[in-house]
2 protein chains.
Amino acid sequence: MLPEPIKKFVEAFAALPSIGPRQATRLAFYIKNLGDAAIKELSQTVDNLSRLKICSRCFFPYEIVKKSENTNEALCYICSDPNRRHDIIAIVEKETDLISLEKTKKFNGRYLILGDLKKNGTLDRVQKLRLNNLKSFIKQELKNAVTEIIIAVNPTTYGDINANLIAQELKDLTTKITRLGRGIPTGGEIEFADEDTLSSALQNRS
Amino acid sequence: MLPEPIKKFVEAFAALPSIGPRQATRLAFYIKNLGDAAIKELSQTVDNLSRLKICSRCFFPYEIVKKSENTNEALCYICSDPNRRHDIIAIVEKETDLISLEKTKKFNGRYLILGDLKKNGTLDRVQKLRLNNLKSFIKQELKNAVTEIIIAVNPTTYGDINANLIAQELKDLTTKITRLGRGIPTGGEIEFADEDTLSSALQNRS
């Protein structure tokens, strides 16, 4: 019943996270009704994601802006920034976590993006590769002089399991492996905080 | 902080209905991580929406499949179907409403898609044009012999207001202007039905 291009669109977009077939169908017709120029532009916007390179050190996507400058072109703007510390590394799950941390402007180290953590308590092949990549970097570039590794994954049950796995992998490299502080979020209420959170808040009082 | 192609993607997709900037950002990184081949394919999927024509009679998008056949190529598969009645017309708001009605397999007439109804109780320029288009069709092609016009818009407050506007526009063309029946939906409970719905259910008992 659906025309083929609409059907294909729905299949492709419903396969993306947090878009269902209903939303995808509505989107397809909505975009169709925007007209050919807008369709072309949107298609180009998707295609332009190909222009991004993936940083070989932290795996954050970046764009090569100035080709002429004599900078290391295999690195993103964070990893190539001489003003940032390379010996303090925050390990995050997603690119959006990196962005959230960057927005605080309170972190002057660099990152390693691991990709979505599995809920079954194992690290996948890509994650192991990326951790090995970090290990090599610490050995070869930092000459083992790493100051701190922050395992900045969510303080959830499976986040904790994964954090332990990651800490195991890295324990020979540094004495200082930390996690983000736990406590009551700003604007939160003590009355509604769970016991774990409140215990952490007591411990981390300042 | 976001690379330009990601920023542009977020802007474009957050402008679509029911996608917020957060979801758009997550989507951008997710799609980037799918790799270049998948990006190309997704971009092409969007671009292919341009291949659809819009039916000049009901305004549903359709694809010209067989160019050689001697059919009217300006019409969708419903409007060009000789087995469907052209003198019974369902006026719907959205393409997805048409699809929902088609799925019932209980309607053998044709449609007119009006596009999103305004909440301010007026029909916009495009909607007036489409209604005029329908009027011309009824006069010229049907020689005024239209059997029924079903105003199949949502039974909401602003749906009702718009239905009245549409009925006003068409009242000289046919004596039979209907709306979809109201009552308790299958699986619903009398206890939780509002008074209006229950009144309709009593009136429409069968």
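Letters A, B, ... mirror the listed sequences (proteins, then strands); counts begin at 1. Since this is a predicted model, take the numbers as computed values, not measurements.
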- request: Verify side chain to side chain contact (heavy atoms under 4.5 Å, CB included) between B:Leu27 and A:Ile19, making sure each step is shown before the conclusion.
  value: CA-CA 9 Å; B:Leu27 279 178; A:Ile19 296 189; 3.8 Å; yes
- prompt: Looking only at atom types and distance, does a side-chain atom of A:Gln23 sit under 3.5 Å from a main-chain N or O of B:Ser18, one as donor and one as acceptor?
  reply: yes
- prompt: In terms of heavy-atom contacts, does NZ of B:Lys118 have more than 12 from other residues, nucleotides or ligands at under 6.0 Å?
  reply: yes
- prompt: Checking B:Tyr77 against chain A: side chain, backbone, both or neither under 4.5 Å from a heavy atom?
  reply: side chain
Test log, rule side chain to side chain contact (heavy atoms under 4.5 Å, CB included), inputs A:Ile6 and B:Glu95: CA-CA 11 Å; A:Ile6 300 270; B:Glu95 293 85 353; over 6 Å; no
task: Drop me the distance from B:Thr96's OG1 to A:Tyr30's OH, to the nearest 0.5 angstrom.
output: 13.5 Å
message: Counting heavy-atom pairs under 4.5 Å with chain B, which one of A:Asp47, A:Asp116, A:Asn48 comes out on top?
response: A:Asp47
message: Angle between ring planes, B:Phe29 versus A:Phe60, binned at 30° and 60°: parallel, tilted or perpendicular?
response: tilted
message: So which atom in B:Thr45 and which in A:Phe9 form the shortest heavy-atom distance, rounded to 0.1 Å?
response: CG2-CA, 3.3 Å
message: Please classify the contact of B:Leu52 with chain A as side chain, backbone, both or neither, using a heavy-atom distance under 4.5 Å.
response: both
- prompt: Any donor-acceptor pair under 3.5 Å linking the side chain of A:Ser43 with the backbone of B:Ser43?
  reply: yes
query: Non-hydrogen atoms of chain B under 4.5 Å away: do they reach the side chain of A:Ala37, the backbone, both or neither?
result: neither
message: Between B:Glu4, B:Met1, B:Lys8, who has the most heavy-atom pairs with chain A when the cutoff is under 4.5 Å?
response: B:Met1
task: Look at atom CD of B:Glu41 and say whether more than 12 heavy atoms of other residues, nucleotides or ligands are closer to it than 6.0 Å.
output: no
query: So which part of B:Ile54 gets closer than 4.5 Å to some heavy atom of chain A, the side chain, the backbone, both or neither?
result: side chain
Options B:Ala12, B:Pro17, B:Pro61, ranked by heavy-atom pairs under 4.5 Å with chain A, top entry: B:Pro17
task: Check whether more than 12 heavy atoms from other residues, nucleotides or ligands sit under 6.0 Å from atom NZ of B:Lys139, and answer yes or no.
output: no
- prompt: How about A:Arg22: does its CZ atom have over 12 heavy atoms from other parts shown lying under 6.0 Å from it?
  reply: no
- request: Return the option, out of A:Leu2, A:Asn33, A:Leu42, with the maximum number of heavy-atom pairs under 4.5 Å with chain B.
  value: A:Leu42
task: May I ask you to test the A:Pro5-B:Glu63 pair for a side-chain heavy-atom distance under 4.5 Å?
output: yes
message: Does any backbone or side-chain atom of B:Lys94 lie under 4.5 Å from a heavy atom of chain A? Answer side chain, backbone, both or neither.
response: neither
field: Under 3.5 Å: donor-acceptor pair, side chain of B:Lys32, backbone of A:Leu49
entry: yes
- line: Of the listed A:Leu34, A:Ile99, A:Thr25, the one with the largest count of heavy-atom pairs under 4.5 Å with chain B is A:Ile99
